[in-house]
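Here is how names work: the chains are called A, B, and so on, in the same order as the sequence lines, proteins then strands, and each is numbered from 1. Basis for what follows: all heavy atoms, side chains included, without hydrogens, waters or symmetry-related copies.
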Protein chains: 2
Amino acid sequence: MAPQDTGPAQVVLTASVARRYYLDGRSKVEIADEFGLSRFKVARLLDAARASGLVRIEIRHDGGIDVDLSARLRDAFGLQHAIVVDTPDDDLVSLREHVGRAAAGLLAEIITPQDVLGLAWARAVSAMARALRPLPGTPVVQLTGALSLPDGPDTSVDVVRDVAAASGGVAHCFYAPLTVSDAATARALRQQPEVARAFGQVPSVTRAVAGVGLWEPGQSTIHDAASEADRRALRELGVCADISGVFLSADGEPVPTELAERMITISVEEMRSIPEVVVLPYGIRKAPAARAALRSGLVGGIVTHTALARAVLDT
Amino acid sequence: MAPQDTGPAQVVLTASVARRYYLDGRSKVEIADEFGLSRFKVARLLDAARASGLVRIEIRHDGGIDVDLSARLRDAFGLQHAIVVDTPDDDLVSLREHVGRAAAGLLAEIITPQDVLGLAWARAVSAMARALRPLPGTPVVQLTGALSLPDGPDTSVDVVRDVAAASGGVAHCFYAPLTVSDAATARALRQQPEVARAFGQVPSVTRAVAGVGLWEPGQSTIHDAASEADRRALRELGVCADISGVFLSADGEPVPTELAERMITISVEEMRSIPEVVVLPYGIRKAPAARAALRSGLVGGIVTHTALARAVLDT
DNA sequence: GGATGCGGTGCTCAGATGAGCGCCGCGCTC
DNA sequence: GAGCGCGGCGCTCATCTGAGCACCGCATCC
């Protein structure tokens, strides 16, 4: 006896109303007048149109950013910025390039002339530097000593100088290795005028960019450059991740290490005092390290890719 | 120097705001509070999201009705109802079934117990009757005499009786042919109590359903049943279409014919007095006839299919 | 150095909108 | 036939929203 839930004429009317409202931008009052309905009726038709799936609204970005994952990541860890690059790739070099490019975009967006930019060394940071377009004259501060990689063209010094050149700002850089053989040498190096001058700028740094290492072979340049004894020692201390020479346990607690004392880099306290540290993890295996970094509270921004973001969130 | 038009962080923010607004149904004020923005900023972000294509709204019905064409047809001809069945088919039998089913749905939707339903004979009307689900006890009035087709199981009488049975209402039907050999016989037949009783109900008919014929071979049961002389005579009078025995020129003007006087059917005036006549044209070739019917002003509703609707509108 | 224009922001105020409520008609039950 | 429950409708009133405007900072140009 009942006509079906909604008849065809109803469907057509609803669709017409929905079109006028959602696509033509008319007000419900106008539509009500036009169709000879009450504005309440129009509102109910529109509700029905939404509920029945006649009107479908989707939010999608085709510029290579997964906006949904980005927002979830940002909200899950209370971050200031999260960018998840949408790429099905799983080649590390390609991922790094994508993340670097997105980080360059983010930096260009959020950096103002009042900012002071700190850069740790990481291959992703180097990729970012290469993709960077001119910034408004921002000073750039080197946060870590240089690590000479056989395959890497850029050292931390190069990156800082390149970025400063692009920004037209001052480059606070120094020539020193990332790690030395004993704490005394490290302390001595930090006293060097050049190094001391750069590190003296750290308290004024407002944004920093760093990579994230996982304390496993091939997942951290620091790990790979360390001695077998250091590798084992840190593993036994429960080190899971490193951010610019700051070591973290799996749940994000800073882990004091003897190795850190032999490194030319910033301390946990210095890092914590930087208003926004942006990290650039990539590669699905680094999920535990990324999670540790996000849990540490040291990080205010992240640029990564879909697979890793999902892995971090699905825990 | 300018960062690109919108940076990645901006995109993520905009998408989050759009999600909250369009998908979660929050008000702009709530969103502004949540994100620490002014409500104006939220409104502008949403505008930008719409403009940039980040938010896409589409209105689509997957129930076999082309809502867009339906509405265009309704508006173009000022109809009360237009239903365009979305089918890529071009087989006449299949089209007729689809149109019939949709017409049954429309009828079930718009018929009330206060209505009086008139039915002309047409194969599509017969298809509709077969698809009809129970109606609220509506009286049904036969509007045309019977035409015996070799392949048609239903005559106009059958259709009326079936529909009345389904509705539980009274069937005002009669046994008489659609056309006879001379006007005097037709007049005499109309005086028959049974026939006169049915036609006496015509002024109270509030909705009628009829087919549309194109005055060409194979496009009108009346044409095909007519003598060669009649076919030629009407062609020379400029007859393009017929609706339930009412003949129309290509621009929808009623054409008085001698043939009409030999038919047991309603007059133009009677048809015009019916508040809503729903026609069921199908088959792309009938476009001129459908157009004529819609232009005539006699028609208040149409049920047809995509190809024909498009052909009618693209003129 | 001051005038000018432009993009981005948030204000006012009128008009649009939503939540909740009461009314009405219908079908069902007893 | 009276009572009941339900769904659809439109009202009120508080809130939300949009159009237009004024303001600010910045860059540009005489």
Side-chain angles (χ1 to χ4, degrees), chain A residues 1-14 17-52 54-55 57 108-115 133-138 167-169, chain B residues 1-14 17-52 54-55 57 108-115 133-138 167-169:
Chain A
M1 63 182 58
Q4 56 264 50
D5 39 350
T6 50
Q10 178 82 347
V11 169
V12 172
L13 174 64
T14 306
V17 167
R19 161 169 287 277
R20 271 255 175 273
Y21 185 76
Y22 283 111
L23 303 184
D24 301 347
R26 303 324 198 84
S27 79
K28 296 181 188 185
V29 174
E30 284 177 306
I31 296 167
D33 290 347
E34 177 179 343
F35 287 85
L37 305 167
S38 77
R39 69 182 181 85
F40 306 98
K41 179 72 181 167
V42 170
R44 286 179 180 122
L45 283 177
L46 288 171
D47 287 348
R50 291 290 297 272
S52 71
L54 189 73
V55 169
I57 301 183
E109 184 181 1
I110 65 176
I111 284 285
T112 71
Q114 285 69 49
D115 276 313
R133 309 210 274 121
L135 298 177
T138 304
S167 93
Chain B
M1 61 179 61
Q4 55 265 50
D5 40 348
T6 50
Q10 177 82 348
V11 169
V12 172
L13 174 64
T14 306
V17 167
R19 160 169 288 278
R20 272 252 173 277
Y21 185 76
Y22 284 112
L23 303 185
D24 301 347
R26 305 323 199 82
S27 80
K28 297 182 186 182
V29 174
E30 285 178 306
I31 296 167
D33 290 347
E34 178 179 343
F35 287 85
L37 305 168
S38 75
R39 68 182 183 84
F40 307 98
K41 180 73 180 166
V42 170
R44 284 179 182 122
L45 282 178
L46 288 170
D47 287 348
R50 290 288 297 271
S52 71
L54 190 72
V55 169
I57 301 182
E109 185 182 0
I110 65 176
I111 284 284
T112 70
Q114 286 71 46
D115 276 314
R133 307 209 275 121
L135 297 177
T138 305
S167 93

Quiz item: Below 3.5 Å, does any donor atom in the side chain of B:Arg39 face an acceptor in the base of D:dG18, or the other way round?
Solution: yes
Practice problem: Taking the side chain as every heavy atom from C-beta outward, state whether B:Gln10 and B:Thr14 have any atom pair closer than 4.5 Å. | Solution: yes
Quiz item: So do the side chains of A:Leu45 and A:Ile31 get within less than 4.5 Å of each other, counting heavy atoms only?
Solution: no
Self-check item: Non-hydrogen side-chain atoms of A:Lys41 and A:Phe35 separated by less than 4.5 Å
Solution: no
Quiz item: Given C:dT17, D:dC9, C:dT9, which nucleotide is nearest the side-chain atoms of A:Tyr21?
Solution: C:dT17
Practice problem: Report yes if a side-chain nitrogen or oxygen of A:Lys28 is closer than 4.0 Å to either non-bridging phosphate oxygen (OP1 or OP2) of C:dA16; otherwise report no. | Solution: no
Self-check item: Euclidean distance, atom CD of residue A:Glu30 to atom P of C:dG15 [Å, nearest integer]
Solution: 13 Å
Quiz item: Is any N or O donor-acceptor pair between the side chain of B:Arg44 and the base of C:dG7 shorter than 3.5 Å?
Solution: no
Quiz item: Is any side-chain nitrogen or oxygen of B:Ser38 closer than 4.0 Å to OP1 or OP2 of C:dT9?
Solution: no
Quiz item: More 5' along DNA chain C: B:Lys41 or B:Gln114, using each one's nearest nucleotide?
Solution: B:Lys41
Quiz item: Among the nucleotides C:dT12, D:dG20, C:dA19, which one has an atom lying closest to any side-chain atom of A:Phe40?
Solution: C:dA19
Quiz item: Given C:dG10, D:dC16, D:dG10, which nucleotide is nearest the side-chain atoms of B:Val29?
Solution: D:dC16
Practice problem: Give, for atom CZ of B:Arg19 and atom CG of B:Leu54, the distance between the pair rounded to the nearest 0.5 Å. | Solution: 11.0 Å
